[in-house]
Structure formats: C-alpha cells, structure tokens
Protein chains: 2
Amino acid sequence: MAQQANENTVLIEALFDIFRNHGYEGTTISLLSEGTGLQKSSLYHHFPAGKEDMLKAVVVYVSMQVHKHIITPLLDTQEKPEKRFSNMIATIKAFYSDGRKNCLLNVLNLGEAKAEIKELQNYDYNAWLNALIQLGKEVGMSLQEATEWSERFLIVVEGALVIQRLTGNKLTFEKQMEYEKNQFQQFLNQ
Amino acid sequence: MAQQANENTVLIEALFDIFRNHGYEGTTISLLSEGTGLQKSSLYHHFPAGKEDMLKAVVVYVSMQVHKHIITPLLDTQEKPEKRFSNMIATIKAFYSDGRKNCLLNVLNLGEAKAEIKELQNYDYNAWLNALIQLGKEVGMSLQEATEWSERFLIVVEGALVIQRLTGNKLTFEKQMEYEKNQFQQFLNQ
DNA sequence: GACAATGTAACGAACGTTCGGTAATATGTC
DNA sequence: GACATATTACCGAACGTTCGTTACATTGTC
C-alpha cells in the first residue's frame with residue numbers, strides 16, 4: 001500500500017542507497033535493517049506490504065526528486081537553455097555521485113511482476129526524454145533532431161554508468177557528461 | 001574449479017540465457033534446473049563448486065565467443081575496415097537478439113566477491129575496446145580520437161540495452177547501431 | 001564391472017514475513 | 001499542569017518457505 005506522502009525522507013534514502021547498490025534480488029531485509037538502523041519488524045511497520053512496498057516507496061521518492069530537480073528546471077523557460085542543460089548535468093552528476101552510484105533503472109532487473117514499478121520508471125523516463133526534446137526544439141532542433149539527441153543522451157548516461165561500474169574508471173561518467181555539454185554548446189554556437 | 005574446455009556447449013548456453021535474464025542473485029538453482037532440463041544434483045556433478053562456478057563457466061564461454069566472433073574478426077586486416085565494423089554490428093545484434101537480450105556485464109551486479117569473474121569481464125571489455133581503437137587508428141583517427149570513439153561506442157551499446165529493456169521499444173538498440181555504422185561510414189568518406 | 005551421468009531425497013542456513021509486546025509520543029479530559 | 005488514553009514507533013523471537021548444497025541410489029555406456 002502507498003505510504004503517506006511524507007514518509008520519513010532519511011529512511012527512504014537509506015533504502016534507496018541499498019537497492020541501487022544491490023538490486024532487488026540482491027537486497028535482503030537484513031541488509032535493509034542494517035542500512036536503516038531499524039529492526040526488520042520495524043521496517044514492516046512502515047511498509048506492511050513488505051520488500052516490494054519498500055522498493056515502490058523508493059521509486060516513488062526518486063520519481064518526485066527527478067521531477068523536482070531535473071524535469072521542472074529543464075522546462076523553466078525563464079532560464080537560458082544553455083544554463084538549464086548544464087544545471088541538469090550538475091544535478092545528475094551529484095545524483096550518481098560522479099558515476100560511483102548506480103541508476104535504479106539499470107540495477108532493477110524486474111521480471112514480469114512489479115509491473116507497477118516498471119511503469120512508473122518508464123513514465124519518468126518519458127517525462128525526462130520529453131523535457132529534453134522540448135529543450136532541443138527550443139534551441140532550434142527539428143523534432144527528429146531533438147528526439148534523437150535526447151534519446152542518445154539518456155542512453156549515454158545509462159551506458160556510462162554501466163561501463164564505469166565495470167572498469168572502475170572514476171572519470172568515465174564525468175567525461176561523457178562534459179562531452180555532452182560541449183556538443184550542446186557547439187550546437188548553440190553554430 | 002574450471003571446467004574442461006569442451007564442457008557441453010548446449011548446457012552452458014542454457015545457463016547463460018538464465019543468468020542474463022535474471023542476474024546472479026535472481027538466478028536460483030531451481031531455475032537453472034528447469035532451464036537446462038537437469039536435476040539440481042546433476043548440475044552439481046558438472047559444476048562441483050556450485051552456482052558461482054556455473055556463472056564462471058558461462059563468463060568464460062562468453063569470453064571465448066567474444067574473442068572468436070568479435071575481437072579476432074575486428075583485427076583481421078585482410079578485410080576492409082568498413083566491412084569489419086559492419087560485421088561486428090551484425091554479430092552483436094544477433095548476440096543481443098536486437099536488444100531483446102541483456103548483457104551479462106549489465107545484469108551482474110557483483111559485489112566485492114566474485115572478483116575473478118569481474119576481472120575476466122573487465123579484461124574482455126578492454127580487449128574489445130583496444131580492438132576498436134586499433135580499427136579507428138587504422139582508418140586514420142588519432143589515438144585520442146580512436147579512444148574516445150571506441151569508449152563511446154561501447155557505452156552506447158550498453159546504454160541502448162538498458163533503455164530498450166526499460167521502454168520495451170524494440171528498435172532502440174537497432175537504431176543506435178545503424179547510427180554508429182553511419183557515423184563510421186561518414187568518417188571514412190571525409 | 002567400471003565409471004560417468006542422472007535422479008531422489010534430504011540437509012542446514014538464510015530468506016521474507018508475522019506475531020506479541022514494549023517504548024515513545026500525541027491526544028483528550030479534568 | 002496532571003493523568004489516563006490512544007496512537008505511533010520500535011523490537012525480539014519465531015514462522016513457513018526457499019535457498020544452495022550434499023549423500024546416496026539408480027541408470028546408461030563402453
């Protein structure tokens with residue numbers, strides 16, 4: 001069951017950190033207990049429906065964060081497009097700790113079940129994608145151009161996280177983000 | 001313990017398919033038993049060291065496949081660079097079933113343990129990367145240019161797989177691969 | 001009959017979950 | 001303000017199930 005809107009943020013962030021580190025199957029209630037400092041039974045007090053409910057609360061929380069700190073600022077036409085894009089890069093660099101932290105999208109290998117969670121993630125992805133497309137069109141890209149650029153950008157974000165986790169090279173993610181900023185700037189200057 | 005080199009290929013491919021679908025934690029011996037048609041104890045006859053050994057055999061097998069069908073052909077200077085690159089694209093499109101199948105690199109969220117497996121994957125990644133760099137230099141890229149192009153390519157491969165799994169859009173992976181082919185062709189023509 | 005391959009049946013451990021009850025905090029009543 | 005009463009937060013101990021694994025018997029092959 002859904003939690004009250006204001007479920008303790010500290011608690012949910014602790015859960016978030018564990019899920020993104022271990023994936024869904026790899027996350028055990030014991031791990032969540034250690035990570036939050038709460039006993040298992042206390043976790044079930046906050047999330048009566050259990051582990052899946054804990055993940056859902058995390059995904060809902062992340063969704064709100066993404067909308068608040070990424071999507072809404074991207075669409076704020078009071079700020080210059082160039083600034084909005086570089087602000088977004090800064091935000092996601094912090095969000096992923098310069099690539100040292102995983103993306104939930106990447107790490108959750110959800111099977112047929114958990115369709116609700118998958119749908120929310122898909123919805124967020126599309127919202128982010130559309131905000132980028134909007135920005136692209138705003139700076140003069142055609143719809144197709146903007147769509148391809150936006151898809152490519154999000155693909156690179158996810159891919160860079162995978163490769164950085166694999167190689168341990170701490171600069172992979174950052175380098176790609178700098179490249180994207182330069183490309184965008186180059187488009188603006190042409 | 002490592003298996004004899006010629007461990008039944010059909011068996012290992014069945015294991016591979018399950019691991020790439022469910023990840024390591026999500027893969028249970030029961031699943032492996034169902035997927036291979038062997039009883040659990042029969043699996044332990046083939047892999048006395050258990051689940052981790054089964055994964056290792058899969059990773060070793062995949063490593064051989066990658067070297068045989070991707071890296072070696074990439075370095076075969078008897079073939080034209082353009083052809084080698086498009087052959088590689090065709091190979092990995094088949095390998096990932098046009099993006100419908102996951103990459104083990106992506107799906108294995110291996111913790112501190114399993115260092116040996118992680119190292120092998122890292123080694124394979126570097127071999128692939130270096131083969132691409134070699135190809136890039138061969139067609140006239142500078143070392144830096146070739147390195148950035150190669151890193152970017154592998155990042156896009158992994159990222160496209162993540163995004164396609166998320167959205168279910170069956171064309172995501174294929175589209176990126178076509179884009180990469182065009183970009184490479186464009187470089188050759190300039 | 002030797003030996004590899006497979007099967008049956010069970011093992012202890014860890015899993016996610018539940019229960020009964022205690023501490024802490026808020027609410028109501030005078 | 002004092003005290004009784006709900007309400008919420010938390011905990012220890014156990015639950016049934018499934019996990020990965022193993023002991024041992026049976027089958028197939030040469």
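On a predicted model such as this, the values are computed, not experimentally measured, just so you know. The sequence lines fix the lettering, A, B, ..., with proteins before strands; numbering per chain opens at 1.
- Cluster note: B:V162 groups with A:V162 through ILVMFWY side-chain heavy atoms spaced under 4.5 Å, whether in direct contact or through intervening members.
- Under the rule for a side chain to side chain contact (heavy atoms under 4.5 Å, CB included), the partners of A:N122 that lie at least two apart in sequence or sit in another chain are A:Y125, A:N126, B:T167.
- The CG-P distance, from A:L43 to C:dT17, rounds to 11 Å in whole Å.
- Between B:T27 and B:L55, the closest side-chain pair of non-hydrogen atoms is not below 4.5 Å.
- Summarising the geometry, the separation between CZ on B:F47 and P on C:dT6 is reported as 11 Å, rounded to the nearest angstrom.
- A:F19 meets the ring pair (Phe, Tyr, Trp, His ring centres under 6.0 Å) test with no other residue; sequence neighbours excluded.
- A:E13 and A:Y61 are linked by a side-chain donor-acceptor pair at a separation below 3.5 angstrom, with hydrogens and angles left out of the test.
- Checked against side chain to side chain contact (heavy atoms under 4.5 Å, CB included), B:K93 has the following partners two or more places apart in sequence or in another chain: B:I89, B:D98, B:F173, B:E174, B:M177, B:E178.
- Rounding to whole angstrom units, CD of residue A:E25 and C1' of C:dC15 are separated by 12 Å.
- Protein atom CE of B:M54 is 13 Å distant from nucleotide atom P of D:dC19, rounded to whole Å.
- A straight line from CG of B:D53 to C1' of D:dG20 spans 14 Å, rounded to a whole angstrom.
- Listed by chain and number, the residues in a side chain to side chain contact (heavy atoms under 4.5 Å, CB included) with B:H69 are B:Q65, B:T91 (sequence neighbours excluded).
- Distances shown here put a side-chain N or O of A:Q39 below 4.0 Å from the OP1 or OP2 atom of D:dG12.
- Qualifying ring pair (Phe, Tyr, Trp, His ring centres under 6.0 Å) partners for B:F184, counting only residues two or more places apart in sequence or in other chains: B:F85, B:W149.
- To the nearest angstrom, P of D:dA9 lies 9 Å from CG of A:N8.
- Of all nucleotides listed (C:dT17, D:dT22, D:dC10), C:dT17 comes nearest to the side chain of A:Y44.
- The NZ atom of B:K40 sits 9 Å away from the C1' atom of D:dT21 (whole-angstrom rounding).
- Of the residues in residues 26-37 of chain A, none has a non-hydrogen atom less than 4.0 angstrom from any atom of DNA chain D.
- Contacts of A:R20 classified as salt bridge (charged side-chain N to carboxylate O under 4.0 Å, His left out), with partners at least two apart in sequence or in another chain: none.
- Sorted by first and then second residue, the pairs that involve residues 144-168 of chain A and meet salt bridge (charged side-chain N to carboxylate O under 4.0 Å, His left out), not counting sequence neighbours, are A:E151-B:K175, A:R152-B:E180.
- Residue B:H46 places none of its side-chain N or O atoms closer than 4.0 Å to OP1 or OP2 of C:dA4.
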Extract from the structure each pairing of a protein N or O with an N or O of nucleotides 6-8 of chain D at less than 3.5 Å, listing the distance.
none

Taking only nitrogen or oxygen atoms into account, show me every contact under 3.5 Å that the protein makes with nucleotides 24-30 of chain D, one pair per line with its distance.
none

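- Residues that satisfy the salt bridge (charged side-chain N to carboxylate O under 4.0 Å, His left out) test with B:K101, not counting sequence neighbours, are B:D17.
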